[in-house]
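Here the structure is laid out as structure tokens; the discussion comes afterwards.
Just so you know, ligand 1 is whichever comes first in the structure, and atom 1 is the first atom listed for that ligand. Position 1 is the first residue of the sequence; numbering continues from there.
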Amino acid sequence: MPKSHSDIGLIGLAVMGQNLALNIADHGFRISVYNRTTEKTDKFVAENPRTPGGVVGTKTLEEFVQSLAKPRKMIILVQAGKATDAVIDGLVPLLEQGDIVIDGGNALWTDTIRREKALAVKGLRFIGSGVSGGEEGARFGPSLMPGGEFAAWQELKPIWEAVAAKVDAKTGKPLTGATPGKPVVGGVPCTTYIGANGAGHYVKMIHNGIEYGDMQMICEAYALMQGLLGLKAAEMGAIFSEWNAGILDSFLIEITADILKQKDPSSKKAFVDIVLDTAGQKGTGKWTSTNALDMGVPAPTIAEAVFARCISAIKEERVAASKILKGPSKKYRGSKQALITAIHDALYCSKICSYAQGFQLMRTAQKEYGWTLNFGEISQIWRGGCIIRAAFLQKITEAYARNPTLANLLLDPYFNKTVKKAQENWRKVISLAAECGVAAPTFSSALAYYDSYRSARLPANLLQAQRDFFGAHTYERTDQPRGKFFHIDWPEPTRPQIAS
Ligand code: 2AM
């Protein structure tokens, strides 16, 4: 017998919304859809007449709400920010106690905290869920990071687990091969309850910050192979393919290999060579870095990745500067293969540091916001569906299984051993980059992070003395317990006498 009401609804039929709606319908759930511009709804419904669950088009929010089974579950997938608030404001008067509103957009986690609170006062439940994986992920299995009331999550869980990406239970490798109407069967779903209120959107933001780091690090490996070895795009494409068969096996390395092998259809040149070197950004990397500064957590590699996009954006200024500012003339004359291997190792070590920073951010945020994050589960749900999916995440999952309260990924025996073994190559690459004038901001910042983190004593003793000198900011002593503060009377600094 056909259902009288839909299992779930979705508002916002842009690319992500359409794909997620079809994914949900493919799993046998009946879904109602609504879009501000009705023509989009009509077109979408007309184009998808036969799905296993069924897609129901609605023309007004009232009709949309009335079409849902109670307690109602509805996903909002509109532009983050004002549009989300506008949709929520439109929905609230139409909803009943216990209904569940799910924001699947890239919301700022503090907005999610605010919205959850405001809706809770009205007896409505709000879930902020990170959705990662782009268009393809939304269609055939994204990584889903839900936060909000636990009981509300349990009601959403069957749908979220069904539509999420799946990985093999033993190897952690993504299960692929889904086609329209035929989703992947079995496997471990890439979703889990993250925590209260804004936890899901916070973790999604960290995912994106890490993604910024991963992308920039790959670009630096490319820049180094090009700058130090003069390799051409296709040759580098082959190298990235090789790397993708090893520990760097990941979605981003795989697409990099494909991009580097791609020819430009009009000029027949290597495609990357005709793409202008200015990168855009939508803000989640910046949010991650701002949050790192706000919480006082060192995440320099992720921030460097954001700054690298910023410096890329000032193209005209760089072109002008390139005619004035000169670098070194030194060229690399050593073994090609040895340097390629060294760049591989530098990339892997830098990646470990970048992830270590992302996880440290989450560790501090959970204290700040009263969440209990499960880092092993978070790394598990990133193994499939999302942009940073990688074999490497299995190593992180294993690290947190060994020690759920691990202070820093670098301290895990596997990562410690890996960096120890590879650091000579890592350092060699960074020295060469400096000597030959190739910018490697995230590689270098990751190494500085590693060297700072492993230092029992940093030069901050001198810094604190400076602060005590000019501002009487006090200092702690190495021969006294922590928390006792001292100040000494400094001599007046000699200032130049101003003639009267
Ligand atoms: P539209 O098709 O009517 O523009 C991405 O922009 C999605 O968000 C689209 O589905 C868009 O609807 C929707 N959207 C943007 N701003 C909105 C708003 N203020 N209210 C409702 N939907 C909005």
Side-chain angles (χ1 to χ4, degrees), residues 6 8-26 29-49 51 53-68 72-95 99-112 114-116 118-119 122 124 126-140 142-146 159 163 200-201 204-205 207-208 280-284 286-287 386-387:
S6 295
I8 192 161
L10 184 143
I11 300 171
L13 288 174
V15 178
M16 288 296 280
Q18 291 196 15
N19 282 293
L20 189 62
L22 291 175
N23 182 1
I24 292 171
D26 269 358
F29 300 104
R30 184 169 121 159
I31 183 162
S32 292
V33 293
Y34 169 83
N35 192 69
R36 180 179 57 178
T37 313
T38 310
E39 292 78 59
K40 248 190 220 172
T41 313
D42 294 342
K43 187 164 177 276
F44 177 67
V45 174
E47 281 170 359
N48 297 286
T51 56
V55 175
V56 179
T58 60
K59 294 189 193 309
T60 63
L61 268 185
E62 287 80 0
E63 190 193 341
F64 171 78
V65 168
Q66 290 311 313
S67 73
L68 304 175
R72 303 180 179 96
K73 292 182 267 302
M74 64 217 79
I75 306 161
I76 302 177
L77 258 174
V78 300
Q79 275 160 359
K82 285 200 179 91
T84 308
D85 281 321
V87 172
I88 294 173
D89 289 346
L91 276 174
V92 164
L94 309 172
L95 301 182
D99 285 349
I100 304 169
V101 178
I102 303 134
D103 178 13
N106 253 333
L108 184 65
W109 83 100
T110 47
D111 281 348
T112 305
R114 167 177 61 77
R115 289 170 184 143
E116 203 253 357
L119 265 64
K122 297 178 161 62
L124 302 173
F126 189 70
I127 289 186
S129 181
V131 176
S132 176
E135 197 178 324
E136 181 81 4
R139 182 67 185 88
F140 298 113
S143 174
L144 296 167
M145 295 152 248
I159 301 179
V163 303
H201 275 142
K204 170 66 187 349
M205 177 189 75
H207 163 283
N208 285 26
Q281 50 181 314
K282 281 198 180 157
T284 41
K286 186 182 98 176
W287 291 350
C386 61
I387 305 295

Original post:
Is K82 paired with D85 through a side-chain N to carboxylate O contact shorter than 4.0 Å?
Top reply: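 No, this pair does not count.
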Original post:
Taking 4.0 angstrom as the limit, do E39 and K43 come out as a salt bridge?
Top reply: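 Salt bridge: no.
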Any donor-acceptor N/O pair, [X] side chain to [Y] backbone, under 3.5 Å:
X   : Y    : answer
R72 : L95  : no
N35 : K40  : no
S32 : G57  : no
D99 : L124 : no

Enumerated ligand 1 atoms positioned under 4.0 Å from heavy atoms of [X]:
X   : result
A14 : 5 (C), 7 (C), 10 (O)
Q79 : 6 (O), 8 (O)
G12 : 10 (O)

Original post:
Under a 4.5 Å cut-off applied to non-hydrogen side-chain atoms, are D103 and H201 in contact?
Top reply: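 Touching, per the 4.5 Å side-chain cut-off.
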Where is the nearest protein heavy atom to [atom]: which residue, which atom, and how far?
atom                    : result
atom 8 (O) of ligand 1  : V78 CB, 3.3 Å
atom 21 (C) of ligand 1 : V87 CG2, 3.5 Å
atom 19 (N) of ligand 1 : R36 NH1, 3.4 Å
atom 9 (C) of ligand 1  : N35 OD1, 3.8 Å
atom 3 (O) of ligand 1  : T37 OG1, 2.4 Å

Subject >> Residue part near ligand 1, for L13, under 4.0 Å between non-hydrogen atoms >> reply: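 For L13, only backbone atoms sit under 4.0 Å from ligand 1.
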